[in-house]
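Atom set for the values below is all heavy atoms of this structure, side chains included, hydrogens, waters and symmetry mates excluded. We count ligands from 1, going down the list as the structure has it; atoms in each ligand are counted the same way.
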Amino acid sequence: MAEEKKNRDGFGSKIGIIAAAAGSAIGLGNIYRFPCELGNNGGAAFLLVYLAVVLFLGLPVMLSELVIGRRTQSNPVGAFKKLAPKSAWPVVGYLGVLCGFIILAFYSTVAGWTLEYIVKSVGNSFSGKDLSVIEQDFVDFHNTGWRNVMWQVVFIFLTGFVVFKGVQNGIERYSKILMPLLLVILVILGIRSVTLPGAKEGVAFLFRPDFSKITGKVLISALGQGFFSLSLGMGALITYGSYIKKNDNLTTTALSVTLSDTLIAILAGVVIFPAAFSFGVKPTAGMGLVFNTIPMIFNQMVGGYWFCIIFFVLLAIAALTSTISLLEVVVAYLSEELRLKRQTATVLACLLALLVGCFASLSLKEGTPFVLGGRTVFDAMDFVSSNIMLPLGGLLIVIFVGWKLGKSKFFDEISNEGKLKAPVKSLVFFIIRYLAPIAIAIIFYEGLFA
Ligand code: PHE
């Protein structure tokens, strides 16, 4: 196709697309944010709601995004302009670009911690320490302020560097080999965690649901976490979908990405909670839950020194493939819609993300002045983007595909113009048209207004 050739990169191989989309999905959302949300929202009950969200809402939204992206070969704003010219629909794209930008800004804060923790683990600074000392180190680190910002700068620079080089060379190469390795190390950690003394309670917390814990807040948190973890609702997968070739299978791509992302999240739960209960870290500990518990597990392992280094390196890379996709959304928009050079767009987006993002980092100091509506700037950005903008974006995307794009174009796209079977396509479309919008709208209402 002429248009495809013009100046857009594409994913070279099937494994490339799946690796890149999974690279976007798998990240701090799985290993850091998921345990925090689960711990703060009652444990196993949250896990159940989360799994339902992923299956019934995440998958359909993901497929919808991939369809929109591949059909239009455009960034999120351009995509809606092409499919619904002279309408208000491109607003969904703008919302997505803005949301991607906000997520990039605060996500890079936590991503920066992974670099700090690589350095700490290389310097063997956890070994033999008690939990209270490790916890204090974490707090002291935030209280420096500048050290957070410094790592954030480094991380955004790394992200910019990869995006600067373009889609094909940049993203594909990095994500292919390393995510399976992360899985392996999580399995090893998980085994150590469940065999620690007193781990049983943590296993029960994770897997034995107390249904009375399911509230509106739990529902919206699970919805937000589901979309966050799968990179949905803001156009990351519209953008990646736009790089997918016409003869690739969108349904199997969506299934593989969803499956691997969910597996990693559950594994992270299996790693964190048994160990946290064993060491006496509260499941509601928030930020420290993961960053303090993990070094403690390595302290109890043969070869823990090396495993710890490898783990934080892999975590940093998982975070990097996610920040790349966030930046890519903004850069695709700036370069295609505002006609900036790709390189200029990358530099500009990185600088802006830093400018905003450093307030997220600085807001974690004790007694910080950077507070918004009773939350730290970091929490406020997280809350607004994950619990409001992503569900809203997801809602509008399924409404768009279900009611505006319509059945025949949707079928066309997921069956590659009839070349693939796409056996349950009618059911999927039914979910996209009716079930998903209604369910998201109800959760949204229950979680924020009821
Ligand atoms: N899904 C990523 C993670 O779990 C974060 C992300 C959200 C990336 C939205 C892109 C878009 O770490």
**OP:** Using a 4.0 Å heavy-atom cut-off, say whether M234 meets ligand 1 through its side chain, its backbone, both or neither.
**Re:**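 Side chain only.
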
Subset of ligand 1 atoms that lie under 4.0 Å from at least one heavy atom of [X]:
X    : value
N30  : 4 (O)
S322 : 2 (C), 3 (C), 12 (O)
S229 : 1 (N), 4 (O)

Original post:
So, are E413 and K409 salt-bridged, with charged N and O less than 4.0 Å apart?
Top reply: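 No, this pair does not count.
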
Original post:
Does the pair E337/K81 count as a salt bridge with the N-to-O cut at 4.0 Å?
Top reply: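 So E337 pairs with K81 through a salt bridge.
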
Original post:
Nearest protein heavy atom to atom 8 (C) of ligand 1, by residue and atom, and its distance?
Top reply: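 Answer, as residue, atom name and distance: S231 OG, 3.3 Å.
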
Original post:
Tell me, which protein residue and heavy-atom name are nearest atom 1 (N) of ligand 1, and how many Å apart are they?
Top reply: F228 O, 2.7 Å

Original post:
Passes salt bridge (charged side-chain N to carboxylate O under 4.0 Å, His left out), R33 versus D382? Steps please.
Top reply: CA-CA 10 Å; R33 200 176 186 281; D382 183 358; 2.8 Å; yes

Going by atom types alone, do [X] and [Y] pair a side-chain donor with an acceptor below 3.5 Å?
X    : Y    : value
N40  : T284 : no
T72  : K82  : no
Q152 : S361 : yes
K217 : N41  : yes

Less than 3.5 Å between some nitrogen or oxygen of [X] and one of ligand 1, yes or no?
X    : value
S325 : no
D261 : no
L232 : no
A25  : yes
I26  : no

Original post:
Which is closest to atom 2 (C) of ligand 1 by heavy-atom distance: G29, G27, S24?
Top reply: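 Selected option, by shortest heavy-atom distance: S24.
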
Original post:
Is there a side-chain hydrogen bond (donor to acceptor under 3.5 Å, both in side chains) between N416 and N249 once you walk through the steps?
Top reply: CA-CA 7 Å; N416 295 354; N249 189 332; over 6 Å; no

**OP:** Could you tell me if any non-hydrogen atom of Y107 lies under 4.0 Å from any atom of ligand 1?
**Re:**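 True for this residue.
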
**OP:** For the pair W403 and Y434, name the ring-plane relationship: parallel under 30°, tilted 30 to 60°, perpendicular over 60°.
**Re:** perpendicular

